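What you see is a predicted model, and the numbers here were worked out from it, not measured in a lab. The basis for the numbers below is simple: all heavy atoms, side chains too, and nothing from hydrogens, waters or symmetry mates. The first residue in the sequence is number 1, and the count goes up from there.
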Amino acid sequence: MKTHLLFEEDGAFRAGTVLASTDASHQVELASGKRAKVKGSHVLLQFREPAPAALLEQAQSAAGGIDLDFLWEVAPREEFGFLDIAREYYGKEPGSVEAASLLFRLHSAPVYFHRKGRGRYRAAPAETLKAALAALERKRQQDELKQLHVQALKAGQAPAAIAQQAIALLVKPDRNSIEYKAVEQAAGELQTTALKLLLSTGAIASPYRWHVDSFVASHFPRGTGFGQDLPPPVLPSELPLAPVAAFSVDDSATTEIDDAFSVVREGSTAVIGVHIAAPAVVVGRDHPLDAVARARMSTVYAPGLKYTMLPDAWVDAFSLNEGREVPVVSLYARVDTETFAVLSTETRVERVRIAANLRHDVLDDVITDDTIAAGAFDAPFAAELSFLWRVARALLARREEARGRPEPLGRIDYSFVIDGDGERAHVGIKPRRRGAPLDLVVAELMILANSTWGRWLAERKVAGVYRSQSLGRVRMGTTPAPHDGIGVDHYTWSTSPLRRYVDLVNQRQVIACALDEQPTYRARDADLFSIVSGFEALYGAYADFQQRMERYWSLRWLRQEGITRVGASVIKGDVLRVEGMPFITRLPGLPELPRGQRLELDVLGANEIDLVMEARVHRVLAVQAPVDPEDEEIAATEGPAAPEPPVIGGGDGSEPRGPDEAAASGGDAR
């Protein structure tokens, strides 16, 4: 009669018929017909009947009927072999099926019996078993709950436990949580994404809420507000009052007015004052507010939204609001009134009286190239504005000479007017021509201040954070270098300290130079390197958010206005700039067309989640649009798949981008 073996191989139990044997091993034929060599130490049981396949089948079936709790009760507390406990359990010498079934039962219950070797086990201690069984019960309950969540999600309902943390499940998920696993499983079974599933069930209220709340969860996990323990602002009173009347030029929606200007005629020269709000006279490196500003690094702007770098009370205290005397860092530039050349500069830390806050949206239609050239316009500070415009044109010409090419002007910027709350708001899109007279004045005077202070810090070997550009690449670092895109030898960001942390840092250094004090930061200060890397990461993320929200509101505007046909122009290949809004899209399959070629597109749909516009060509127009200077930069690269190059604005989304960033100065905002 044939001898059969039950043995263990690679963690599994197998059975076969012996063909040949030695003292150390056996040649076995398995039920499948395959032959195998089995070491003697791997053999657990020798038997003659039933057949190997029948033994495995019958033993597996019988194992399920063995009471684990009873088996654990009768098992010895010390290590034992399966045959030993089989004799105890059955009260006799077990048959082959009985022995195998008990082995299988022991092996299938590692919570009750700890494996100690092939066929050898030890009963788990009572406390260990109790804890393990409790854990298994919890796991069972969790699995049941997960399945309930999955069923609800697939039925279009969001369980409260998932709805309460829907954004976190996508932004910063606990991948071991029941809720995450339920969403992942339900999305997989429905063949959709987790985001689309949560939107469809109402766990995330709308695409708008997803875009905003996911950004806030990522960058403001403790909320966008400020702590209640911050000290109130106290303005210094000992600073001298400048004998000038200053005025600012901003959009009506601007709440962080950080620059103003003055003009004083002195014979054949005039002294132009560029006055920058000076929170750094109070907020030093160790001030409690510094940690807050450094954590945020910048004010965040998006259409209808603004999360400020500084608390409102501090912004208001230092903002250059009309009728107030406020601390400033002033750059005074003496200019020849005939050639408009800058003859000398001086920096002072002082107070200045703000006589007026002029507004772009009120004056841009009044102060045009023609009216300002003729001096035929009615506006406050008309004479000063006319003079500053001529100075700005001269500054621009000198920069263009240094650049070796003209500054591209005339670009259309767009601002959004959001009336209402969230996704139910009404959206308006307002075009504004970059390089208009007031825009040019502010842009050139900001560049003058930033380049002058950058050169001053470098000459005095005082540490600072610089912007530079070479071969088209903009860098931020602590080493002064030329900014080829702007056409200056040195360039810092120092003119927006209310809303950018690097400007606050640089202002501290400028103030130290002006007052002949020890600079806050020394050369090769490790803190400066950390600030640069931290600022660039967050500033880029904020820019991406602004860009995404502009794309969202552009698509909302198309839907709101019922627009089904739009104009567009070719940037490169199948990348197009849509006219009338800040939106770049890709149109796969578009035939090769020259750059600037104008088209009409039929709008087929808009995906407000992925921020993509679906369109097809209606017709190719016979005219070409002037090539946008920003498109030149996009065309020089691969070009974006959909989003527009990020440019952080100087306003809350309804005001135009700040002139020191958005002036067509070699793309320094990127």
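- Judged by distance alone, the side chains of T269 and R334 do bring a donor and an acceptor atom under 3.5 Å apart.
- At a threshold of 4.5 Å between non-hydrogen side-chain atoms, the residues P311 and L230 count as touching.
- With contacts defined as side-chain heavy-atom distances shorter than 4.5 Å, the pair F387/T337 qualifies.
- For the pair P279 and L498, the minimum side-chain heavy-atom distance is below 4.5 Å.
- T299 and E256 share a donor-acceptor pair across their side chains, judged by distance under 3.5 Å alone.
- Between R359 and D250 the shortest side-chain heavy-atom distance falls below 4.5 Å.
- Side-chain N or O atoms of R473 include none that pairs as donor or acceptor with a backbone N or O of S468 at under 3.5 Å.
- The shortest heavy-atom contact between S494 and D503 is N-OD2, 3.3 Å.
- When the shell of 6.0 Å around CD of E338 is examined, it contains 12 or fewer heavy atoms from other residues, nucleotides or ligands.
- Looking only at distances, a side-chain donor or acceptor of N357 sits under 3.5 Å from a matching main-chain atom of L320.
- Counting only heavy atoms from C-beta outward, the side chains of H275 and S330 approach each other to under 4.5 Å.
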Practice task
Show your reasoning for whether side chain to side chain contact (heavy atoms under 4.5 Å, CB included) applies to I272 and F261.
Solution key: CA-CA 7 Å; I272 295 174; F261 315 103; 5.7 Å; no
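- At most 12 heavy atoms of other shown residues, nucleotides or ligands fall within 6.0 angstrom of atom CZ in R393.
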Exercise for the section: Please assess M446 against V274 for the test side chain to side chain contact (heavy atoms under 4.5 Å, CB included), listing each intermediate value before the final yes or no. Expected result: CA-CA 8 Å; M446 293 302 99; V274 180; 3.7 Å; yes
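- Between the side chain of S470 and the backbone N or O of P482 there is no donor-acceptor pair closer than 3.5 Å.
- Across all non-hydrogen atoms, the minimal contact from L538 to R296 is CD1-O, 3.8 Å.
- Going from atom OG of S451 over to atom NE2 of H483 covers 11.0 Å, rounded to the nearest 0.5 Å.
- Using bins of under 30°, 30° to 60° and over 60° for the plane-to-plane angle, the ring pair F545/F215 lands in the parallel bin.
- With salt bridges taken as basic N to acidic carboxylate O contacts below 4.0 Å, none links R432 and D251.
- For the pair E350 (side chain) and P240 (backbone), a donor-acceptor distance under 3.5 Å is absent.
- Ion pairing of D527 with R294 is present here, as a side-chain N (NZ or NE/NH1/NH2) and a carboxylate O approach within less than 4.0 Å.
- The two residues A245 and F381 have their closest heavy-atom pair at O-CE2, 4.2 Å.
- A distance-only check finds a donor-acceptor pair linking the side chain of Q469 to the backbone of G485 [under 3.5 Å].
- Judged by a 6.0 Å distance limit and a 45° cone about the ring axis, R348 is positioned over the six-membered ring of Y332.
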Exercise for the section: Report the C-alpha separation of T495 and N450 in whole Å, then their side-chain angles, then the decisive distance to 0.1 Å, and conclude whether the side-chain hydrogen bond (donor to acceptor under 3.5 Å, both in side chains) test is met. Expected result: CA-CA 7 Å; T495 53; N450 283 319; 3.3 Å; yes
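- Remark: E459 CD is packed, more than 12 non-hydrogen atoms of other residues, nucleotides or ligands lying under 6.0 Å away.
- Looking at V282 and P236, their side chains come closer than 4.5 Å, going by heavy atoms from C-beta outward.
- Between the side chain of R399 and the backbone N or O of I486, at least one donor-acceptor pair lies under 3.5 Å.
- Here the two rings, on Y552 and Y208, have centers that are under 6.0 Å apart.
- Nearest heavy atom pair, residue R556 against residue A425, reads NH2-O, 3.0 Å.
- Counted within 6.0 Å of CZ on R460, heavy atoms from surrounding residues, nucleotides or ligands total more than 12; the atom is thus considered enclosed.
- Minimum heavy-atom separation, R551 to F583: NH2-CZ, 3.0 Å.
- Under a 3.5 Å cut-off, the side chain of R524 and the backbone N or O of A463 do not form any donor-acceptor pair.
- With values rounded to the nearest 0.5 angstrom, L504 atom CG is found 13.0 Å from R499 atom CZ.
- Under a 3.5 Å cut-off, the side chain of D290 and the backbone N or O of D286 do not form any donor-acceptor pair.
- The backbone N or O of A277 sits less than 3.5 Å from a side-chain atom of Q507, completing a donor-acceptor pair.
- Between F220 and Y542, the two ring planes are parallel [angle under 30°; tilted spans 30° to 60°].
- I257 CD1 to S248 OG: the interatomic distance, rounded to the nearest 0.5 Å, is 4.5 Å.
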Practice task
Start with the C-alpha distance between M549 and V212, add both sets of side-chain angles, then the distance that settles side chain to side chain contact (heavy atoms under 4.5 Å, CB included), and finish with yes or no.
Solution key: CA-CA 8 Å; M549 294 311 297; V212 174; 3.8 Å; yes
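- Here the straight-line distance linking atom CG of L457 with atom OG1 of T492 works out to 6.5 Å at 0.5 Å rounding.
- In this structure, OG1 in T345 is found 10.5 Å from CG in L343, a value given to the nearest 0.5 Å.
- At a threshold of 4.0 Å, the pair R285-D525 counts as salt-bridged, since one of the basic side-chain nitrogens sits closer than that to a carboxylate oxygen.
- Without hydrogens or angle criteria, Q509 side chain to G464 main chain gives no donor-acceptor distance under 3.5 Å.
- When ring centroids are compared, Y539 and W493 come within the 6.0 Å threshold.
- Between L239 and V349 there is a side-chain heavy-atom pair separated by less than 4.5 Å.
- Residue-environment remark: CD (E238) exceeds the threshold of 12 foreign heavy atoms within 6.0 Å.
- Rounding to the nearest 0.5 angstrom, the gap separating the CH2 atom in W453 from the CD1 atom in I276 is 5.0 Å.
- The shortest non-hydrogen separation linking L331 to A449 is CD2-CA, 3.5 Å.
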Practice task
Please report the C-alpha distance between L395 and I447 in whole Å, then the side-chain angles of each, then the deciding distance to 0.1 Å, and finally whether the side chain to side chain contact (heavy atoms under 4.5 Å, CB included) criterion is met.
Solution key: CA-CA 9 Å; L395 291 171; I447 292 172; over 6 Å; no
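- In this structure, W314 and V283 have side chains that are in contact, with non-hydrogen atoms separated by less than 4.5 Å.
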